[in-house]
There are 2 protein chains.
Amino acid sequence: MLCIVRQVPRTPDPAVRVALIEQAAAMLVAREPVTLRALAGRVGTSTMAVYTHFDGMPGLWGAVRQEGFARLARGLAEVSPSDDPVRDLAALGAAYAANAVENPALYRAMFDAAADLPDPGAAGAGFALLVDAAQRAVDAGRFVDADPAAVATRFWASGHGVLLLVLSGVLPDDALDEHSPALATAVFTAAGDDPERCAASVRAGWAGS
Amino acid sequence: MLCIVRQVPRTPDPAVRVALIEQAAAMLVAREPVTLRALAGRVGTSTMAVYTHFDGMPGLWGAVRQEGFARLARGLAEVSPSDDPVRDLAALGAAYAANAVENPALYRAMFDAAADLPDPGAAGAGFALLVDAAQRAVDAGRFVDADPAAVATRFWASGHGVLLLVLSGVLPDDALDEHSPALATAVFTAAGDDPERCAASVRAGWAGS
DNA sequence: CACGATACATAACACTGCTATACCTAGCGA
DNA sequence: TCGCTAGGTATAGCAGTGTTATGTATCGTG
């Protein structure tokens with residue numbers, strides 16, 4: 001029997017991998033077309049690097065989407081919880097919207113094929129922060145007979161809808177401040193919160209105070 | 001001064017124009033890649049037809065988006081108003097969602113660049129039906145101190161968000177029935193409707209009864 | 001009927017993502 | 001220390017994309 005001891009040769013450079021992802025994200029936020037050759041040229045490598053690291057452009061897009069979700073989760077994690085869980089939910093929504101508005105092209109690319117991420121858990125981490133705050137609202141008696149995951153999903157979906165309509169230019173920019181807090185208040189009130197108290201909490205959280 | 005009477009020669013064939021739009025929409029709903037050559041081949045014309053009629057692929061996409069909004073508006077117009085404006089709003093939402101679910105690729109393409117449509121008025125016609133129903137809810141005393149356009153926008157944006165998350169596979173298919181009526185009820189209740197009466201109206205409208 | 005402007009067909013261009021091939025560098029065993 | 005080897009990287013070419021230049025056919029007009 002052939003018992004050949006295989007050698008372990010050179011390994012792909014992780015720096016090239018992150019450079020490609022970050023360059024692609026940078027070109028995305030700069031509204032430049034993200035082409036294979038332009039990307040490789042900017043990073044200073046050959047087009048083949050995209051294939052050794054990501055197995056082609058679709059793989060690169062997956063990595064870029066994942067990086068977008070990771071940045072989003074980091075942005076949400078910076079929101080420090082307070083003793084008002086409804087305010088925290090609104091603050092998370094404001095941070096979410098701010099992240100999307102800062103790099104709209106990246107946000108839109110994230111949801112082009114958000115279903116097949118290399119590591120879905122990374123995206124779930126951000127959503128878990130919403131569910132956690134909703135759970136605290138239930139525990140605090142602000143939400144009654146409400147499923148925290150359902151409330152978080154509805155809050156997220158409504159914010160996502162307003163965001164996309166604003167980012168695509170269908171709604172004007174000020175529609176974010178006009179409709180997002182109102183939708184949040186509607187969702188949280190429907191979950192059982194007192195309307196006036198809810199409105200005050202959302203106002204505080206959305207303003208970031 | 002040269003006063004040359006210009007002749008008006010042959011005019012582009014409108015049938016080719018509509019054939020290109022409908023073929024593109026058909027390939028879109030069939031999840032086939034809509035390429036210039038494949039499109040021209042299916043229609044039985046040359047690639048140049050796309051340029052004489054639409055000045056290139058971006059122009060064709062604009063026409064396809066407009067056709068999508070026109071179909072959507074036709075689908076919404078089929079919803080017959082009743083004496084319950086809140087039910088009508090929910091019925092419009094259900095028709096809207098059904099239209100989007102039937103051809104998801106077309107719906108997503110519509111909002112890829114919905115801001116610059118050849119004729120924005122066509123898209124506004126569908127939205128006007130929502131505003132009209134909201135106005136009737138105000139007139140009927142169901143909504144109090146509510147701006148019909150704002151209510152319609154929030155209803156639309158929340159439904160749009162759920163739809164896109166479902167169409168992109170982030171949320172499961174049954175999320176539509178689970179969250180869309182609940183969001184509608186939240187929005188309409190926030191506009192002043194009685195919670196229980198609102199829930200009944202939304203249930204009736206969403207079910208199409 | 002003849003003219004001429006224009007829709008349409010054909011072919012070539014620049015660009016895209018991708019792949020086959022050559023090189024060459026990193027790491028192990030002798 | 002040195003040679004071997006496996007895999008990362010560079011180069012060149014491929015099929016396919018949208019676009020454009022050029023030729024041809026056709027219709028409305030005088």
Side-chain angles (χ1 to χ4, degrees), chain A residues 1-28 30-65 105 109 112-113 116 118, chain B residues 1-28 30-65 105 109 112-113 116 118:
Chain A
M1 150 182 184
L2 287 175
C3 186
I4 306 176
V5 176
R6 298 290 175 190
Q7 323 193 46
V8 178
R10 64 185 299 195
T11 164
D13 186 359
V16 173
R17 180 189 166 88
V18 308
L20 284 170
I21 295 177
E22 298 201 344
Q23 183 61 46
M27 297 170 77
L28 213 45
R31 291 179 184 75
E32 300 173 19
V34 183
T35 91
L36 179 62
R37 285 169 178 81
L39 182 65
R42 295 288 185 86
V43 176
T45 175
S46 154
T47 61
M48 278 301 297
V50 174
Y51 288 83
T52 60
H53 286 278
F54 307 102
D55 196 37
M57 286 299 280
L60 173 80
W61 283 115
V64 169
R65 282 192 291 268
D112 275 348
D116 37 64
Chain B
M1 151 181 185
L2 286 176
C3 184
I4 307 177
V5 176
R6 298 290 174 191
Q7 322 193 48
V8 179
R10 68 186 294 200
T11 162
D13 186 359
V16 173
R17 180 189 166 86
V18 308
L20 284 170
I21 295 177
E22 298 200 346
Q23 183 60 45
M27 297 170 77
L28 212 46
R31 290 177 184 77
E32 300 173 20
V34 182
T35 88
L36 179 61
R37 284 170 179 78
L39 183 65
R42 296 288 186 86
V43 175
T45 177
S46 155
T47 60
M48 276 302 297
V50 173
Y51 287 83
T52 60
H53 286 277
F54 307 102
D55 197 37
M57 285 299 280
L60 172 80
W61 283 115
V64 169
R65 280 192 292 270
D112 275 348
D116 38 63

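Just so it is clear: chains get the letters A, B, ... in the order the sequence lines come, proteins before strands, and each one is counted from 1.
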A.B. asks: Test: salt bridge (charged side-chain N to carboxylate O under 4.0 Å, His left out). Region: residues 11-28 of chain B. Which pairs qualify, not counting sequence neighbours?
C.D. replies: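 Every pair satisfying salt bridge (charged side-chain N to carboxylate O under 4.0 Å, His left out) with a residue in residues 11-28 of chain B: there are none.
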A.B. asks: For A:Trp61 and A:Asp112, run side chain to side chain contact (heavy atoms under 4.5 Å, CB included): C-alpha distance rounded to whole Å, both residues' side-chain angles, the deciding distance at 0.1 Å, then the answer.
C.D. replies: CA-CA 10 Å; A:Trp61 283 115; A:Asp112 275 348; over 6 Å; no
A.B. asks: Looking at CZ of A:Arg65 and CD1 of A:Ile21, how far apart are the two atoms once the value is rounded to the nearest 0.5 Å?
C.D. replies: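 Atom-to-atom, A:Arg65:CZ and A:Ile21:CD1 are 12.0 Å apart.
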A.B. asks: Think B:Ser46 has a side-chain N or O under 4.0 angstrom from the OP1 or OP2 of C:dC8?
C.D. replies: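 No, no such contact exists.
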A.B. asks: Near DNA chain D, which residues from residues 15-25 of chain B have a heavy atom under 4.0 Å away?
C.D. replies: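 Correct list: empty, so none.
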A.B. asks: Enumerate the residue pairs fulfilling side chain to side chain donor-acceptor pair (under 3.5 Å) with a member in residues 47-59 of chain A, sequence neighbours excluded, ordered by first and then second residue.
C.D. replies: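 Passing the test, one end in residues 47-59 of chain A: no pairs.
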A.B. asks: Considering non-hydrogen atoms only, spot the tightest contact between B:Pro118 and B:Ala63 and give its length.
C.D. replies: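 Nearest pair, atom of B:Pro118 first, then B:Ala63: CG-N, 4.3 Å.
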A.B. asks: Taking only the side-chain nitrogens and oxygens of B:Thr45, find out if one of them lies under 4.0 Å from OP1 or OP2 of C:dC8.
C.D. replies: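 For B:Thr45, the contact criterion (side-chain N or O under 4.0 Å from OP1 or OP2 of C:dC8) is not met.
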A.B. asks: Between P on D:dA10 and CG on A:Leu39, what's the gap in Å once rounded to a whole number?
C.D. replies: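 One finds 13 Å between P of D:dA10 and CG of A:Leu39, rounded.
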A.B. asks: Spell out protein contact along nucleotides 11-19 of chain C as letters: B when the base is contacted, S when just the sugar-phosphate is, - when no protein heavy atom is under 4.0 Å; keep the 5' to 3' order.
C.D. replies: -B---BBBB
A.B. asks: Whole angstroms only, please: what is the CE-C1' distance between B:Met27 and D:dT17?
C.D. replies: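 So the CE-C1' distance, B:Met27 to D:dT17, works out to 13 Å.
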A.B. asks: Determine: side-chain N/O of B:His53 to OP1/OP2 of C:dC8, distance under 4.0 Å, yes or no.
C.D. replies: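 True: B:His53 side-chain N/O within range (under 4.0 Å) of C:dC8 OP1/OP2.
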A.B. asks: Return the set of residues passing salt bridge (Lys or Arg N to Asp or Glu O under 4.0 Å) with A:Arg42 (not counting sequence neighbours), or none when no residue passes.
C.D. replies: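 For A:Arg42 the salt bridge (Lys or Arg N to Asp or Glu O under 4.0 Å) partners, ignoring immediate neighbours, are A:Glu32.
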A.B. asks: For residues A:Leu28 and A:Ala105, report the shortest heavy-atom separation together with the two atoms involved.
C.D. replies: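 Heavy atoms only, the tightest pair is O-CB, 3.0 Å.
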A.B. asks: Applying side chain to side chain contact (heavy atoms under 4.5 Å, CB included), name anything that partners A:Ser46, two or more places apart in sequence or on another chain.
C.D. replies: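 So A:Ser46 forms a side chain to side chain contact (heavy atoms under 4.5 Å, CB included) with A:Met48.
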A.B. asks: Please determine whether a side-chain nitrogen or oxygen atom of A:Thr11 lies at a distance below 4.0 Å from atom OP1 or OP2 of D:dG8.
C.D. replies: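 It does not, given that no N or O in the side chain of A:Thr11 lies less than 4.0 Å from OP1 or OP2 of D:dG8.
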